[in-house]
Amino acid sequence: MLYSGPAFSVTALGDGIAELNFDLAGDSVNKLNQAALRDFDAATRAIANDASVKGVIVTSGKAVFIVGADVTEFGGMFAAGEEAIAKNVLEVNRMLSRFEDLPFPTVAAINGVCLGGGMELALACDYRVMSMAASVGFPEVKLGIFPGFGGTVRMPRLVGVDNAVEWIATGADKKPDAALKDGAVDAVVAPEQLRDAALALVRQAIAGRLDWKGRRAEKLAPIKLNQLEQMMAFSSSMAVVGAQAGPNYPAPMLALKNMQEAATKGRDEALQIEAKYFAKAAVTPQAAALVGLFLADQVVKKTAGSWGKKSAKEIKQAAVLGAGIMGGGIAYQSAVKGTPIIMKDIRSEALDLGMNEAGKLLSKQVEKGRIKPDAMSATLARIRPTLNYGDFKDVDIIIEAVVENPKVKKAVFAEVEGMIKEDTIIASNTSTISISYLADGLKRPQNFVGMHFFNPVHMMPLVEVIRGKQSSDEAVAATVKLASKMGKTPVVVNDCPGFFVNRVLFPYFAGFHMLLRDGADFQAVDKAMERFGWPMGPAYLMDVVGMDTAVHAADVMAEGFPDRMKPDWKNTTQVLVAAQRFGQKNGKGYYTYAPDKKGKPKKSPDPETYELIKGVVGARKEFAPEEIVARCMVPMVNEVARCLEEKIVASPYEADMSLIYGIGFPPFRGGACRYLDQMGVASFVALSDKYASLGKLYDAPKLLRDMAAANKKFFG
Ligand SMILES: NC(=O)c1ccc[n+]([C@@H]2O[C@H](COP(=O)([O-])OP(=O)(O)OC[C@H]3O[C@@H](n4cnc5c(N)ncnc54)[C@H](O)[C@@H]3O)[C@@H](O)[C@H]2O)c1
């Protein structure tokens, strides 16, 4: 062995070929943390110092090739400021260039996931062979940064500006065929042929049958386009990327500006430019928020994993009660992810509708080539529609998704409890009603939990698993395990009306209603909140949720939290519902809806809305966008803090992820707690106090006042 370190080893394979193998000790994946990078450099030097080496293949000892840089190191690194960040990445680049400059050919054998820094290491090789089972790409923009280990320098020189921009600005994972087509890899082979293919390639290069020197020279030179061509390529890319990313996500545009500035330069100068722009991206609040989000996601998944381990129960057969919007979606999702499910309703039309919806969703997957037609029929066969309880004795979990009415739900529970096994779990998909309250009267309340999916079920990643006062750990754990198996991110929360997500969403709606009461135009509110980063403003969101549903849920919340959620005035949504405007579902809400060319509902403003609400809104008044944002966000964020105080949600990580995955909180803000940290808790408390006259929703709770006084943050 020529070299052996904690991450890399070098072995002589004979005929002058050395294998540089990455197998990070003590970890299940290969990632380029600072220690691994230093080890890589030591291995490179060992190779350079061995006169017998004529060529190198780079391999991985794990199932992945390299997942990328170590994101847990980013926080500390990015906090050091632009200059230190640039210095740090330049140091890594010197290591990669030293490897690239080895006086013989190098080949990467990409066996599995190869992302970000991993792809950049592969680009420092002369050739790349990829297994059919692998995927490659640059996901950095999802973290608010862009490739900083030479990726923006080597990639356009290798695959052209247009391809490089597409790879880097979208952050998409690339399958082998796409990578080969774009020229990012040189060959794609079956997994078992990968090693031989890499060896064959390096042998050919050593024998001089491949012009590896010419290949390498292209990566070291300026981009091969004349000035006019470059201008054309970059200016058209900038227009597209700028429009796609929008003003809240600066990283893709910074990547592009960097590539343009570096286009006329050779490698080393170009790397200096990349380091400068990379540091600019790394210090943005968006990068801090998105990196935080990535880590929060890991914490949440780990927590779910440890919950899941607490249950030995295997859910082999599920059932859902109600084949409506939610029941149909739950049946589809369960079937797609392999758990057979009985779908029971009291109306056969509802069952037909539920099956049709599932069929439509599956057909779309077939059309997009994501699943094969036979997989579609197998999936549909996993949903068994029924009007009776015949087979319920073999069911391991029942997910209840009947109408949001406590009396109906309780009647259904009483009926079903007699038909099931002793340990069958009953999980309610209620969106607001307290789980402990619903459990009252059950024979086995320990088997009862909440399992709150979001609409549309197949799209929304979050499931709140609600632990009622009497729910057993076993029932919670088995439900968490099922939610994970269904491809969702479960978060365990304690019980209260609205649980976590709806409990904090309704104060936001209250802020919206108060603004309208005080004379704001709902379209101006939507615009300000969409600029802030929400996928849709509150009026539009009301329309999508269904305004009758929202009014009903608001009543439940009012009963639960009368001190702050029970206004003594009529709001615009109540007035519109009374006028039979229920939102998108009947084509009329705050806006009106008509199908566009693709059949999707397209919204338009409607003068009649203004007529209808004029009795409950004040004289029209202009509000500055910052004031609109503050009046909507302060009630939500204060309620998040109350939920943390009351331990409804266990940690700021889970709070933030629930908001991002459940209701589309702007990801670049990282969630409510991250938003508070970035604004400064003391500034937020001062902002709340400014609006104190609007009522208790604007009264910052003790947790925040204490944090402000102690100058504390939620994270780091
Ligand atoms: N729609 C949403 O956005 C959303 C989101 C999260 C949670 N939820 C909750 O999910 C539940 C269902 O909501 P939905 O929007 O799917 O309602 P829905 O009205 O679309 O569907 C309810 C279905 O339940 C059926 N049903 C009524 N009584 C039944 C019984 N005794 N046995 C079997 N089926 C019965 C009805 O026939 C209907 O098909 C509610 O508790 C709701 O609060 C809804």
Side-chain angles (χ1 to χ4, degrees), residues 319-333 341-358 383-392 395 398-420 426-435 437-438 448-466 483 488 493 497-503 505-506 509 536 541-557 582-586 589 658 661-664:
V320 62
L321 298 177
I325 305 177
M326 297 306 288
I330 291 165
Y332 165 84
Q333 192 64 27
I341 187 158
I342 301 173
M343 179 167 71
K344 154 127 187 15
D345 206 289
I346 46 175
R347 297 177 301 124
S348 58
E349 316 87 80
L351 292 174
D352 293 344
L353 214 69
M355 288 309 287
N356 279 344
E357 277 304 313
I383 309 178
R384 198 156 16 118
T386 178
L387 290 170
N388 55 59
Y389 289 113
D391 295 327
F392 271 53
V395 162
I398 294 173
I399 305 169
E400 170 276 314
V402 306
V403 283
E404 186 76 344
N405 176 328
K407 275 200 196 122
V408 177
K409 288 193 191 286
K410 282 192 167 210
V412 168
F413 297 146
E415 190 175 65
V416 82
E417 219 186 8
M419 331 241 179
I420 52 180
I426 304 181
S428 175
N429 180 46
T430 170
S431 23
T432 47
I433 310 168
S434 154
I435 291 302
Y437 169 73
L438 285 176
F448 185 71
V449 295
M451 191 179 193
H452 183 208
F453 288 85
F454 291 76
N455 185 16
V457 176
H458 67 284
M459 301 263 295
M460 302 301 285
L462 182 69
V463 170
E464 282 182 290
V465 175
I466 302 117
K488 300 295 169 191
V493 299
F499 322 122
F500 173 63
V501 172
N502 278 334
R503 175 164 159 188
L505 178 63
F506 277 84
F509 282 142
M536 51 187 85
L541 180 60
M542 276 288 183
D543 281 0
V544 172
V545 168
M547 322 227 311
D548 49 340
T549 310
V551 167
H552 180 68
D555 288 344
V556 178
M557 304 307 294
F582 301 143
Q584 251 180 17
K585 62 171 114 167
N586 74 343
S658 300
Y661 283 161
I663 48 174

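Atoms within a ligand are numbered from 1 in the order they appear, just like the ligands themselves. On a predicted model such as this, the values are computed, not experimentally measured, just so you know.
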[X]: heavy atom below 4.0 Å from ligand 1, yes or no?
X      : value
Glu400 : no
Glu415 : no
Phe453 : yes

Just by distance, do the side chain of [X] and the backbone of [Y] share a donor-acceptor pair under 3.5 Å?
X      : Y      : answer
Asn429 : Glu400 : no
His452 : Val465 : no
Asn502 : Thr432 : no
Lys344 : Pro385 : no

Q) Looking at Ala401 and Val320, what are the two nearest heavy atoms and their distance? A) CB-CG2, 4.3 Å
Q.
Does either side chain, that of Glu464 or that of Ser658, offer a donor lying less than 3.5 Å from an acceptor on the other one?
A. no
Q) Are the charged groups of Lys585 and Asp543 less than 4.0 angstrom apart, N to O? A) no
Which of the numbered atoms in ligand 1 are below 4.0 angstrom from a heavy atom of [X]?
X      : value
Thr430 : 41 (O)
Arg347 : 36 (C), 37 (O), 38 (C), 39 (O)
Lys409 : 40 (C), 41 (O)
His452 : 6 (C), 7 (C)
Gly324 : 16 (O), 20 (O), 21 (O), 23 (C), 39 (O)
Asn455 : 1 (N), 2 (C), 3 (O)
Ser431 : 7 (C), 8 (N), 9 (C), 42 (C), 43 (O)

Which bit of [X] gets closer than 4.0 Å to ligand 1, counting heavy atoms only: side chain, backbone, both or neither?
X      : answer
Met326 : both
Val412 : side chain
Ala350 : side chain

(Q) Regarding atom 36 (C) of ligand 1: of the candidates Val320, Thr386, Asp345, Val544, which has the closest heavy atom? (A)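 Answer by nearest heavy atom: Asp345.
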(Q) For atom 41 (O) of ligand 1, which of the options Met460, His552, Glu404 provides the nearest non-hydrogen atom? (A)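 Looking at heavy atoms only, Glu404 sits closest to atom 41 (O) of ligand 1.
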Q: Start with the C-alpha gap between Glu404 and Thr549, add the side-chain angles, then the distance that decides, and say whether side-chain hydrogen bond (donor to acceptor under 3.5 Å, both in side chains) holds.
A: CA-CA 9 Å; Glu404 186 76 344; Thr549 310; over 6 Å; no
Q) For Phe453, is the NZ or CZ atom of Lys488 found under 6.0 angstrom from the centre of its six-membered ring and inside 45 degrees of the ring axis? A) no
Q.
Given the ring of Tyr437, does Lys410 sit roughly above its face, with NZ or CZ under 6.0 Å from the centre of the six-membered ring and within 45° of the axis?
A. yes
Q | Polar atom proximity, Tyr389 to ligand 1 (N or O, under 3.5 Å) | A |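 It does not: no N or O of Tyr389 is found under 3.5 Å from an N or O of ligand 1.
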Q) Any nitrogen or oxygen of Leu321, main chain or side chain, under 3.5 Å from a nitrogen or oxygen of ligand 1? A) no
Which residue and non-hydrogen atom of the protein lie closest to [atom], and at what distance in Å?
atom                    : answer
atom 35 (C) of ligand 1 : Val402 CG1, 3.4 Å
atom 20 (O) of ligand 1 : Ile325 N, 3.1 Å
atom 19 (O) of ligand 1 : Val403 CG1, 4.1 Å

Q.
Protein non-hydrogen atoms only, distance under 4.0 Å: does atom 17 (O) of ligand 1 have such a neighbour?
A. no
**Q.** Option among Ile426, Leu321, Ile398 that satisfies the side chain to side chain contact (heavy atoms under 4.5 Å, CB included) test with Phe413
**A.**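 Result: among Ile426, Leu321, Ile398, Ile426 is the only option passing the side chain to side chain contact (heavy atoms under 4.5 Å, CB included) with Phe413.
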